[in-house]
Amino acid sequence: MTAPLLTTTQVNRAALTPMMQHYIETKDQYPHALVLYRLGDFYEAFFEDAQLISRELELVLTGREGGKEIGRIPMAGIPHHALDRYAAQLVEKGFSIAICDQMESAAVAQGLVRREVTRVITPGTVIEEGMLPAKRNNFLVAVVNAAENWGLAYADISTGEFQTTQLRSTEQLVQELLRLQPAEVLLPMDSPNLHGLKEFFKAKNQPEHHPTQDAIAEKREPIELPSAYTKLPDSLCYTQRSQTPFSLAEAKQRLLETFRVRSLEGFGCNALPLAIRASGGLLEYLSATQKNLQTPLQNLSTYTVSDYLLLDHQTRRNLEITQTVRDSTLYGSLLWALDKTTTAMGSRALRRWLLQPLKNIQAIGDRADTVAELSRNHSLRKSLRHVLNQIYDIERLCSRVGAGTANARDLIALAQSLGKLRDVSEVVLDACSPYLIGLQQVPLDLEQLGDRLVNTLVEQPPIYLTEGDLIRAGVNSQLDELRQQAKADLDWLANLEKLERERTGISTLKLGYNKAFGYYISISKGKSDQAPKDYKRKQTLTNEERYVTPELEEREARIAKAKEALNLLEYELFIELRTEVAKHIEPMRAIAQALAAADALCSFAEVAVTYNYCRPVIAENRSIQIKNGRHPVVEQSLPAGFFVPNSVNLGYPLSANPEDTESSPDSEHPDLIVLTGPNMSGKSIFLRQVGLIQLMAQVGSFVPADVANLGLCDRIFTRVGAVDDLATGQSTFMVEMNETANILNHAKETSLVLLDEIGRGTSTFDGMAIAWSVAEYLATALKARAIFATHYHELNELASLLPNVANFQVTVKELEDEIIFLHQVQPGGADRSYGIEVGRLAGLPPTVISRAKQLLAYIDRNSRIATGLRNAGNPSPEKAPAKSKTKPDKAQLSIFDRDI
Ligand SMILES: Nc1ncnc2c1ncn2[C@@H]1O[C@H](COP(=O)(O)OP(=O)(O)OP(=O)(O)O)[C@@H](O)[C@H]1O
């Protein structure tokens, strides 16, 4: 049996070597992070961190002598040049890494080499290009809790965005977290056990697949989590922070100091203590992790969730806004269908917009006006997209400049992008829509900055900053002089081979170079006796002799010295330049945001033109009138012309006066549509397309329809299918009921509710009873605009009982032994589901199909419900008796009261 591996908590610290003691002290300061400790050319991890990285990164676990009494301690390391690659993998897995660098050269160090943590890379604080997804934000969130209320602040340090809000319930907080999908969430919590929080969430979240570093250490007592924290989504990555920086006094002070302001009034959060506390706590975390790499954030801004169209997590998922439900891919989502942006900044903006549609008619109008102009004016759109395509990610380049990690290639990319601003302004010169007017002026200082970068840096600089070849000739006289001096020696060197061949008469003589010996003159063994006297033998190989001459040595030393001086000077000039660029971060970010918005709107226009969308008319009413609407994603995935458009007319206008017949409900403008139709006919697609059209309109996009008159919506709710929620251990039916309860408890007249089957997960009668009463409640008590797709055809009866309910069906053509899906939504209720037919198409064995048909015929003849329905008839709007203009009694109606 192998002995258990040593951990930092078990080891007798006093017996450790001084270096290992320092390692453990460092580890104490960063208990949440993996400490990577620079040793020569490697970053090493020891003890439990070594075991963890060896397993996570598939590295060899070795050992190192830890002290006489200690013996070998576990060690695993990564080569220093591969740090970024390995760090990216660890951060992707949710780990934080403290990089402990050597602060002096081992050659000059007296005693132990001085080492310090120079940076803590955490999932929410990455700025390295290779570690960030280009087309989505990387948010760091901090939250604070007081009773039911929460403060939330979020920042993307790779773009500078910094926002805060206050939320009134844990449910609101959860929804906001799920919208942001942060890379890391900070929770203030004073607890002696620093590992409890991660253990808690990771234990909830597939413990066997995500072993934590804590799980490797010996078992610790679990901590008592504040009950509010236990309701947070366990799919996110949480980091526990001390409560002190989240206190109001500290947080406020930090905000005032960071932004150099006297009051927080300008940020809109002066009266929001929880928002201030969350924001201050977030800033403290940045300074603790970023050390001197801190990049300035934009000024804090405060927002309110109710200012936007609310989409809960379920709805974002069901409408497949950023990824599909089936396999969580971008392909097949709304974002996929609409994202034709040409810049990463535009792509990020479009994604943010889709996840946070607007509720302000003016703001929606500004976007739609711009889409209208870009759709109308093809050459404007084409030219703008062409020039945007040549612009790099200014937002992220700015952050790297601010953090001091930008290299010369980054500055060249920035310069090229700034150089394109003039082209952008020329393209939009005659434009008149809001988002384009803003691009007509190029800030002069940015133009000059771009010119300066182009004139200072060489066109294709290397990645590394210390190897020279960064700065153009003519930029700095000292640099030119040094280069001139070095040039004379280099020219001499270039000529040397020729000269020595002439001098010695050895035509095969060569000048060579290797890292260990530097320059040498090589002569083959056979000719080595002809070597002149001043040749000093340096190395003997099997077939050749290598020599140097005193002059070669002297010139070489001079070249090396000049190169060192040149590299240093170039480095200094570069840093000076980068510092200068950093002073312009604010206006560069502002222009980057304007470009991102223009790009996103160009994308909407491009799709609108390609797929013939219309501009929706948005008003403060409850109407949803869509003529020939299409599903934006399904339409794109089918061959042109294959998608069958459908219309809808929902929501009669509300009036303060109930006697007002003008505003009485009628089947032309129902609040609730009961949608029936065979399996596979297109009910779900129709339902989603209505939701997507409403959402797209409130984002400012055009919509896939011939005409769309849409009232502003405050929330869209959806309930679509269901799968067992393994994470929370809830059954399919429980999930379905939870979601339905949420809708019934929150929907209002101005909401849009889309229900795709309710009550399927239980017995037919229970399910039907629930479906009926839910539909009835929606139509009578909530009067929300709703579409209810169902296979319970019995629900068609509701339309004959309630004036604001109408029946629609998706039609099929029935041939002898086959049905043809027409995908047309028409008034009336279906009375068959053709489920057996779909089963046949899916390949159920013929025996099963014919037996099912036999049973269906039997049930149809003998079931009480079926018989009752036949007796009662199956009213459709056309057949239904004229509806009473008075509103129905609010008391619950029951299908069981009817004669069935
Ligand atoms: N309007 C349409 N035009 C063309 N094809 C359509 C249309 N609507 C739906 N379809 C096609 O029909 C398929 C089935 O549609 P959908 O999933 O909406 O059916 P459904 O009625 O909800 O079925 P079920 O009751 O079995 O859930 C879709 O995948 C799509 O390919």
Side-chain angles (χ1 to χ4, degrees), residues 317-320 324-327 329 331-334 336-337 611-613 626-648 673-693 696 703-706 708 718-723 732 736 739 753-761 764 767-768 771 775 786-796 807-814 818-844 849 852 856:
R317 192 173 164 272
N318 291 335
L319 292 182
E320 305 192 304
T324 58
V325 172
R326 183 189 277 262
D327 39 20
T329 53
Y331 175 78
S333 67
L334 180 66
W336 165 79
Y611 296 98
N612 211 6
Y613 287 6
I626 301 169
K627 191 172 165 214
N628 289 334
R630 285 111 53 200
H631 190 293
V633 180
V634 180
E635 182 184 32
Q636 285 192 28
S637 23
L638 290 177
F642 267 60
F643 192 89
V644 181
N646 280 302
S647 303
V648 71
I673 285 178
V674 174
L675 182 67
T676 46
N679 288 107
M680 291 267 293
S681 57
K683 299 182 296 298
S684 308
I685 299 288
F686 176 71
L687 204 87
R688 287 186 172 104
Q689 107 188 8
V690 173
L692 288 174
I693 287 175
M696 287 166 70
V703 297
D706 289 351
T718 58
R719 220 224 64 75
V720 172
V723 283
T732 310
E736 183 179 328
E739 290 176 13
V753 179
L754 305 168
L755 301 171
D756 196 358
E757 300 286 3
I758 286 204
R760 262 208 311 206
T764 310
M768 199 195 314
I787 305 179
F788 193 146
T790 182
H791 285 288
Y792 296 131
H793 306 129
E794 293 76 3
L795 257 63
N796 282 325
N807 292 329
F808 278 80
Q809 59 178 321
V810 194
T811 52
V812 289
K813 194 167 167 190
E814 215 174 332
E818 183 191 6
I819 50 169
I820 296 173
F821 296 104
L822 300 175
H823 305 304
Q824 275 166 0
V825 175
Q826 288 182 351
D831 58 358
R832 286 189 60 191
S833 277
Y834 302 89
I836 298 176
E837 186 57 27
V838 174
R840 188 186 67 76
L841 289 176
L844 289 185
I849 294 293
L856 178 68

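No hydrogens, no waters, no symmetry mates; every other heavy atom, side chains included, goes into these values. When a residue number appears, it is its place in the shown sequence, counting from 1. Atoms within each ligand, like the ligands themselves, are counted from 1 in listed order.
- Counting only non-hydrogen atoms, the option in Ile685, Val810, Thr676, Val634 that gets closest to atom 18 (O) of ligand 1 is Ile685.
- Under a 3.5 Å cut-off, the side chain of Lys683 and the backbone N or O of Gln809 do not form any donor-acceptor pair.
- Of the protein's non-hydrogen atoms, Asn679 ND2, 3.0 Å is the one closest to atom 26 (O) of ligand 1.
- Checking Gly629, Gly682, Ala789 against atom 16 (P) of ligand 1, the nearest heavy atom belongs to Gly682.
- In this structure, atom 27 (O) of ligand 1 lies nearest to the protein heavy atom Ser684 OG, 4.0 Å.
- For Glu320 (side chain) and Val325 (main-chain N/O), a donor-acceptor pair under 3.5 Å exists by modelled atom type.
- Using a 4.0 angstrom heavy-atom cutoff, Ser681 counts as in contact with ligand 1.
- Protein heavy atom at the shortest distance from atom 23 (O) of ligand 1 is Met680 N, 2.8 Å.
- With Asn807 contributing its side chain and Asn796 its backbone, the two residues share a donor-acceptor pair below 3.5 Å.
- Not a single side-chain hydrogen bond (donor to acceptor under 3.5 Å, both in side chains) links Ser647 to another residue, sequence neighbours left out.
- Contacts of Glu757 with ligand 1, taken as heavy-atom pairs under 4.0 Å, are absent altogether.
- In this structure, atom 2 (C) of ligand 1 lies nearest to the protein heavy atom His823 CB, 3.4 Å.
- Residue Lys683 holds the heavy atom nearest to atom 21 (O) of ligand 1 of all those in Arg630, Lys683, Glu635.
- With a 4.5 Å cut-off on side-chain heavy atoms, Arg688 and Leu754 do not count as touching.
- Contact analysis leaves Gln824 out of contact with ligand 1, as no non-hydrogen atom separation drops below 4.0 angstrom.
- Those atoms of ligand 1 with a heavy atom of Phe642 less than 4.0 angstrom away are 4 (C).
- Taking CZ of Phe643 as the start and CD1 of Ile685 as the end, the distance is 6.5 Å to the nearest 0.5 Å.
- Atom 1 (N) of ligand 1 has Val644 O, 2.9 Å as its closest protein atom, hydrogens excluded (heavy atom only).
- For ligand 1, the atoms lying closer than 4.0 Å to a non-hydrogen atom of Pro678 are 21 (O).
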